[in-house]
Chemist: 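My structure is below; once you've seen it, I'll send some questions.
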Amino acid sequence: MKMKFEKKLLEEAKKAGSLKKTAHTGQVKWESPSNIAIVKYWGKKPVQVPTNASLSITLKEARTITSMKYDIGRSIDGPKAELIFEGIVVEAFAKRINAYLESITPFLPWLKGARFSITSENTFPHSSGIASSASSMSALAMCLCEIDSRINGTELDDTTLVKASFLARLGSGSASRSIYPGMAAWGRTAAWKGSSDEYAIPVGEIHTSFQDAKDSILIIESGKKEVSSSLGHSLMDTNPFASTRFKQAESNMQSLRPMIEKGDWNGFIDLMENEALTLHAMMMTSQPGYILMQPNTVEAIKHIREFRKKKGVPVGFTLDAGANVHVIYPASAEDSVGPFLTEALAPLCEQGTIIHDGMGEGPQPSL
Ligand code: PMV
């Protein structure tokens, strides 16, 4: 069964498809950030429908910059894209992008006649363990939406962002959230009116103490992920604790909203850490089970909890599906967390690497 927004886009595409066709050439360029989930998306149904709602902080420094030269309307065997990633032709990425473009052609019918020359680069090292699918797919979706607006003679407005989030989601679920500044929620939840499984929505009301929140990423282990997120999501199909987990995520979404609105950092940290440990518990209790933490991940977690208890500083951790640790704290705690990062946590990191990031403004045009 078609979902509501999907149906609307397909109807619009049908109408646009019957209009007089003209050729279009040009270039668009967007920078888009990665994000870090506080309530985790882990488990999905076809096609890219989350089994629970999630919420993330949009980052600032970890971005993908994507430029797309387009030539549309002169062929009918599209979409066809050439891709240069950080100066190199990477066949595997090009294949993935072409399959993605093909899959979204029903929503953007002009793609049938499209040739692209794409260049893309990340502001963070490829081996850092920061998920690049959220930043890269959201940057690509913004590029496509700008081309779409140019073709249809429409403005880039809030409706465009909904469409961009929808298209980004079809590339990578978490990418749907990177479209918005500050914080974004994706997936239907009673906590936010207007929330949807089809696209993310911006989290409107964020207490001043959460604005400009910091995320210092401890690089415990760089390199390739042991478990791809698609494999991870699929493990939830048979995890015996899955349904309890999905209920817990919804309950966490509902508890989180007043914390964000009122500036309750203590509640936020408890909930965030519980979500991170649950994600890893799900990996451990899947079949086969995976242990994605390294000894230094556990060591860092212990240090963070001890430091918080001893000093009363609001600082907590979250984890992605990997060994690296995201240390989250308000900007007001920077003076005390800074030396703690350098003295206690940097020695646990690969070559002492910590990437300093924080809450950002979402995608920006960069031509
Ligand atoms: O967007 P995906 O399919 O790469 O999944 C992301 C999964 C987590 O990063 C572990 C959690 C999340 O909500 O971002």
Side-chain angles (χ1 to χ4, degrees), residues 32-59 62 64 93 96 99-100 103 122 124 128-141 165-180 183-189 191 195 197-201 203 215 217 224-237 239 242 245-246 248-250 252-253 256 271-284 286 290-293 297 317-326 328 357:
S32 191
S34 186
N35 65 70
I36 179 68
I38 305 302
V39 174
K40 307 289 181 183
Y41 149 55
W42 201 240
K44 63 177 169 182
K45 297 173 273 184
V47 179
Q48 296 283 89
V49 175
T51 39
N52 62 264
S54 57
L55 181 140
S56 56
I57 295 179
T58 301
L59 295 178
T64 298
F93 288 179
R96 186 172 165 201
Y100 167 69
S103 75
N122 294 337
F124 50 94
S128 68
I130 297 177
S132 60
S133 62
S135 52
S136 61
M137 295 315 292
S138 55
L140 188 62
S165 180
F166 173 92
L167 293 173
R169 170 198 127 229
L170 294 176
S172 161
S174 57
S176 65
R177 299 183 309 236
S178 277
I179 298 295
Y180 293 105
M183 289 181 178
W186 168 46
R188 208 150 46 85
T189 164
S195 57
D197 285 346
E198 293 189 275
Y199 45 80
I201 56 165
V203 169
D215 176 9
I217 310 164
K224 214 174 148 12
K225 283 207 272 183
E226 193 191 331
V227 184
S228 71
S229 33
S230 33
L231 172 65
H233 290 297
S234 73
L235 290 172
M236 288 303 277
D237 296 344
N239 186 299
R245 156 62 194 154
F246 302 145
Q248 175 206 33
E250 173 57 18
N252 279 345
M253 288 294 281
L256 193 57
L271 189 152
M272 169 174 76
E273 294 190 349
N274 172 256
E275 276 287 320
L277 295 177
T278 302
L279 170 70
H280 281 252
M282 290 300 110
M283 291 307 293
M284 289 183 201
S286 287
Y290 290 90
I291 302 173
L292 301 180
M293 290 187 206
T297 311
F317 69 87
T318 187
L319 308 163
D320 253 340
N324 297 336
V325 180
H326 291 248
I328 312 282
D357 211 328

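Order of appearance sets the numbers: ligands from 1, and atoms from 1 within every ligand.
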Chemist: Can you tell me how far CG of L277 sits from CG of L319, rounded to the nearest 0.5 angstrom?
Modeler: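 Nearest 0.5 Å value for the CG-CG distance: 6.5 Å.
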Chemist: Answer yes if the side chains of S195 and R188 hold a donor-acceptor pair under 3.5 Å, and no otherwise.
Modeler: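 Not at all, the side chains of S195 and R188 share no donor-acceptor pair under 3.5 Å.
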Chemist: Considering heavy atoms of the protein only, find what lies nearest to atom 11 (C) of ligand 1 and give residue, atom and distance to 0.1 Å.
Modeler: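 Answer for atom 11 (C) of ligand 1: Y41 O, 3.4 Å.
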Chemist: What do you reckon, does S54 have a nitrogen or oxygen under 3.5 Å from a nitrogen or oxygen of ligand 1?
Modeler: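 Between S54 and ligand 1 (N or O atoms, distance only) the closest approach is not under 3.5 Å.
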Chemist: To the nearest 0.5 Å, tell me how far N274 CG sits from I38 CD1.
Modeler: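 Reported to 0.5 Å precision, the distance equals 12.5 Å.
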Chemist: Tell me: protein heavy atom nearest atom 5 (O) of ligand 1, and distance?
Modeler: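 Looking only at protein heavy atoms, the one closest to atom 5 (O) of ligand 1 is H233 NE2, 3.1 Å.
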Chemist: Which of the atoms of ligand 1 are close to W42, meaning less than 4.0 Å from one of its heavy atoms?
Modeler: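 So the atoms of ligand 1 that pass are 7 (C), 10 (C).
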Chemist: Which distance, rounded to the nearest 0.5 Å, do you find between the NE2 of H326 and the CG of D320?
Modeler: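 Reported value, rounded in 0.5 Å steps: 5.0 Å.
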Chemist: So, taking the atom named CG in D215 and the one named CZ in F317, what distance separates them when rounded to the nearest 0.5 Å?
Modeler: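 Result: 13.5 Å between the selected atoms.
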Chemist: Looking at ligand 1, does K44 have a heavy atom less than 4.0 Å from it?
Modeler: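 No, that is not the case, since the closest heavy atom of the residue is not under 4.0 Å from the ligand.
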Chemist: In Å and rounded to the nearest 0.5 Å, what is the CD1 to CE distance from I291 to M284?
Modeler: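 Going from the CD1 atom of I291 to the CE atom of M284 covers 6.0 Å.
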Chemist: Could you find the nearest protein heavy atom to atom 1 (O) of ligand 1 and give me its residue, atom name and distance?
Modeler: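 Here the closest protein heavy atom is S174 OG, 2.7 Å.
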Chemist: Is S165 close to S176 at the side-chain level, that is, under 4.5 Å between some pair of heavy atoms?
Modeler: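 The answer is yes, as the side chains (C-beta and beyond) meet within the 4.5 Å cut-off.
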Chemist: Counting from 1, what ligand 1 atoms have a heavy atom of A37 closer than 4.0 Å?
Modeler: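 Counting from 1, the qualifying ligand atoms are 12 (C), 13 (O), 14 (O).
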Chemist: Around atom 4 (O) of ligand 1, find the nearest protein heavy atom and jot down its residue, atom name and distance.
Modeler: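 For atom 4 (O) of ligand 1, the nearest protein heavy atom comes out as S229 OG, 2.8 Å.
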Chemist: Output the list of atoms in ligand 1 that are nearer than 4.0 Å to some heavy atom of S133, sorted by atom number.
Modeler: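 So the atoms of ligand 1 that pass are 4 (O).
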Chemist: Just to confirm my output: which protein heavy-atom neighbour is closest to atom 14 (O) of ligand 1, and how far is it?
Modeler: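 Minimum-distance protein heavy atom for atom 14 (O) of ligand 1 reads R177 NH2, 2.8 Å.
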Chemist: I need the nearest protein heavy-atom contact for atom 9 (O) of ligand 1: residue, atom name and distance, please.
Modeler: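 Ranking protein heavy atoms by distance from atom 9 (O) of ligand 1, first comes D320 OD1, 3.1 Å.
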Chemist: Roughly how far, to the nearest 0.5 Å, is the CZ atom of R245 from the CH2 atom of W42?
Modeler: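 Going from the CH2 atom of W42 to the CZ atom of R245 covers 11.0 Å.
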